[in-house]
Visitor: 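This is the structure, below, for whatever I ask next.
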2 protein chains.
Amino acid sequence: MTSTRTSERRASTRHAGLERHEIIDAALAIVTAEGGAALTMRRLAADLGVTTTTIYWHVGNREQLVVAIVERFAEEQSAIPVIGRTPRRRVLHAAMNLWRSARGHRNLTALASAAGATTLLELPLEAALAAELGAAGVHGERARDVVQAVLACIAGFLISEWRPAEQRPEALRPSELWSRVDDPRIDPSTLRALASPADHERLVESTLRAIIDAAVPETHRGTP
Amino acid sequence: MTSTRTSERRASTRHAGLERHEIIDAALAIVTAEGGAALTMRRLAADLGVTTTTIYWHVGNREQLVVAIVERFAEEQSAIPVIGRTPRRRVLHAAMNLWRSARGHRNLTALASAAGATTLLELPLEAALAAELGAAGVHGERARDVVQAVLACIAGFLISEWRPAEQRPEALRPSELWSRVDDPRIDPSTLRALASPADHERLVESTLRAIIDAAVPETHRGTP
DNA sequence: GGTCACTCTTGAACACTGTGCAAGAGTGTT
DNA sequence: AACACTCTTGCACAGTGTTCAAGAGTGACC
């Protein structure tokens with residue numbers, strides 16, 4: 001990865017050994033491969049064979065760097081087709097696209113979330129969801145509410161995966177905590193289930209479906 | 001806040017000027033007042049009139065300190081009564097209790113979340129939710145799924161409040177981003193709505209209701 | 001060719017963060 | 001008085017983001 005920068009390229013105006021987009025690319029590579037915590041200014045500079053000051057000159061700030069990374073990634077992301085026969089199913093599919101995208105690029109999503117840039121990252125997919133909602137007859141504030149509820153759910157399920165139970169101290173694992181609970185109000189089978197992990201993939205889908213079904217009217221044949 | 005520690009108290013065994021619980025209390029105070037980022041070892045030590053090394057001797061670690069804080073807070077939190085006439089409503093109320101609690105102590109919740117200790121923080125309220133689900137006839141894995149879905153939703157709505165749009169750079173605000181979108185598939189009223197903030201309180205409730213209604217059977221009179 | 005202006009790069013610092021180590025105070029027991 | 005044990009300290013280290021004055025390198029102008 002380390003390509004010690006001699007005077008290879010000097011482009012367009014003046015002497016320019018390093019260009020902004022090279023920095024963004026290198027940073028994006030670090031994030032996707034090793035997560036946002038690995039993205040330090042010194043590390044990034046070292047990967048580019050450059051001093052941190054140079055990074056600052058080009059990018060300004062770590063926060064601005066993160067935004068630039070997210071922006072860059074969002075640009076390159078191609079649209080994901082929405083499939084499904086009924087409007088409801090298409091809405092659900094659009095929502096699941098958001099989930100799959102966020103989960104597929106979890107490192108970047110985590111970073112964007114910390115920077116408050118999730119909307120920037122997922123705007124096209126959110127727009128697709130809004131569009132499907134419109135096709136299903138949901139508009140205005142009701143559509144907005146569904147979008148936000150879907151986003152919240154996805155975000156919530158995501159962060160529950162950021163620190164998987166296995167790599168927490170034992171005393172913090174839900175399995176451990178629930179196995180100690182002895183509550184007469186709660187059925188033993190429920191306690192057992194709470195102590196064991198759920199099938200996330202399926203759970204996300206059924207949760208999103210619940211949200212969507214509550215807001216999107218049943219398909220009635222007459223709809224054009 | 002700074003009470004320079006002379007040799008005031010020396011309790012129980014040997015000479016003990018500072019006790020573990022004092023540290024936890026001081027740390028908890030910092031977190032609730034100023035957030036998890038303000039909880040640095042030096043700051044905490046200064047508040048107690050002590051060196052950081054002392055903190056380490058008593059607590060071991062920052063991570064362990066955080067866990068201790070969460071544990072301490074959870075112990076002191078009193079049970080919240082669940083009200084509602086029908087089982088469904090009681091389940092919803094228990095879920096909303098979780099939301100209100102998490103939101104009420106957002107700084108602590110954020111810290112616990114970063115440490116992967118949310119379950120430790122909210123276990124009693126989660127148990128209450130599980131109990132109400134049982135009373136509504138939902139047991140085992142289905143109950144677990146509802147609990148997890150509710151938790152995910154709450155977590156998601158919470159993090160969307162951690163960095164309110166007003167204090168982000170303008171280019172990241174949903175209002176700004178959506179106002180630039182010009183998508184013919186999306187109704188103008190929807191676009192307008194997406195650019196303006198939602199009523200979170202109401203949205204959380206309706207989302208949780210959707211999840212619960214989908215999983216909890218309608219109340220039928222005959223239930224004992 | 002020499003000078004100027006502008007763009008980019010550097011090295012060295014600053015103020016923070018969490019953490020570890022060796023040394024020492026303070027107290028109870030022998 | 002001597003020892004053991006608990007607690008506390010000062011100092012250091014490695015790492016973080018960030019800034020500042022200084023300097024290289026290149027194009028344009030005289």
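The chains referred to below are lettered A, B, ... by the order of the sequence lines, with proteins before strands, and numbering in each begins at 1.
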Visitor: Test: salt bridge (Lys or Arg N to Asp or Glu O under 4.0 Å). Region: residues 143-155 of chain A. Which pairs qualify, not counting sequence neighbours?
Guide: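 Qualifying pairs: A:E141-A:R144, A:D145-B:R202.
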Visitor: Please answer whether the main-chain N or O of B:Y56 pairs with a side-chain N or O of B:R62 as donor and acceptor at a distance below 3.5 Å.
Guide: no
Visitor: If a pair satisfies salt bridge (Lys or Arg N to Asp or Glu O under 4.0 Å) and one of its residues is in residues 106-116 of chain A, list it, with sequence neighbours excluded.
Guide: A:R106-A:E161
Visitor: Hey, which of these two, B:T52 or A:T52, hits DNA chain D nearer its 5' end, going by closest nucleotide?
Guide: B:T52
Visitor: Over the length of the helix from C:dG1-D:dC30 to C:dT30-D:dA1, how much do the five-pair end axes diverge, rounded to 10 degrees?
Guide: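 Computed from the C1' atoms at both ends, the axes differ by 30°.
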Visitor: Can you tell me the distance, in whole Å, between the CD1 atom of B:I23 and the P atom of D:dT8?
Guide: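 Those two atoms, CD1 and P, are 8 Å apart.
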Visitor: Can you tell me which nucleotide in D:dT8, D:dT9, C:dC8 comes closest to the side chain of A:W57?
Guide: C:dC8
Visitor: Taking side-chain hydrogen bond (donor to acceptor under 3.5 Å, both in side chains) as the cut-off, I'd like each qualifying pair that reaches into residues 23-41 of chain A, sequence neighbours left out, listed once.
Guide: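 Matches after skipping sequence neighbours: A:D25-A:R72, A:E34-A:R43.
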Visitor: Pairs of donor and acceptor atoms involving the side chains of residues 109-119 of chain A, under 3.5 Å and at least two apart or interchain, shall be tabulated with distances.
Guide:
residue: A:T109; atom: OG1; partner: A:A102; partner atom: O; Å: 3.0
residue: A:T109; atom: OG1; partner: A:H105; partner atom: O; Å: 2.8

Visitor: Please tabulate, for the side chains in residues 124-132 of chain A, all donor-acceptor contacts under 3.5 angstrom to protein atoms that are two or more places apart in sequence or on a different chain.
Guide:
residue: A:E132; atom: OE1; partner: A:R90; partner atom: NE; Å: 2.9
residue: A:E132; atom: OE2; partner: A:R90; partner atom: NH2; Å: 3.1

Visitor: Tell me whether the side-chain N/O atoms of A:N61 come closer than 4.0 Å to OP1 or OP2 in D:dT18.
Guide: yes
Visitor: Nearest to the side chain of A:T51, which nucleotide is it out of C:dT10, C:dG20, D:dC7?
Guide: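 For the A:T51 side chain, the nearest candidate turns out to be C:dT10.
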Visitor: Expressed in angstrom and rounded to an integer, what is the separation of A:I55 atom CD1 from D:dT19 atom P?
Guide: 15 Å
Visitor: Would you say the side-chain atoms of B:S101 pair up with the backbone N or O of B:N97, donor to acceptor, closer than 3.5 Å?
Guide: no
Visitor: Nearest to the side chain of B:T53 - D:dT8, D:dG10, C:dA12?
Guide: D:dG10
Visitor: Rounded to the Å, how far apart are B:H58 NE2 and D:dC7 P?
Guide: 6 Å
Visitor: Partners of B:D187 by salt bridge (charged side-chain N to carboxylate O under 4.0 Å, His left out), sequence neighbours excluded?
Guide: none
Visitor: Below 3.5 Å, can you tabulate the donor-acceptor pairs from side chains in residues 174-181 of chain B to any protein atom, sequence neighbours excluded?
Guide:
residue: B:E176; atom: OE2; partner: B:R180; partner atom: NH2; Å: 2.7
residue: B:S179; atom: OG; partner: B:S175; partner atom: O; Å: 3.3
residue: B:S179; atom: OG; partner: B:E176; partner atom: O; Å: 2.7

Visitor: How many Å lie between OH on B:Y56 and P on D:dC11, as a whole number?
Guide: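 B:Y56 atom OH is separated from D:dC11 atom P by 18 Å.
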Visitor: Rounding to a whole Å, what distance do you find between A:L44:CG and D:dT16:P?
Guide: 12 Å
Visitor: Identify each atom pair where a protein N or O and an N or O of nucleotides 15-17 of chain C are less than 3.5 Å apart, giving names and distance.
Guide:
residue: C:dT17; atom: OP1; partner: B:T40; partner atom: OG1; Å: 3.4

Visitor: D:dT8 C1' sits how many Å from B:E19 CD, rounded?
Guide: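 Atom CD in B:E19 sits about 15 Å away from atom C1' in D:dT8.
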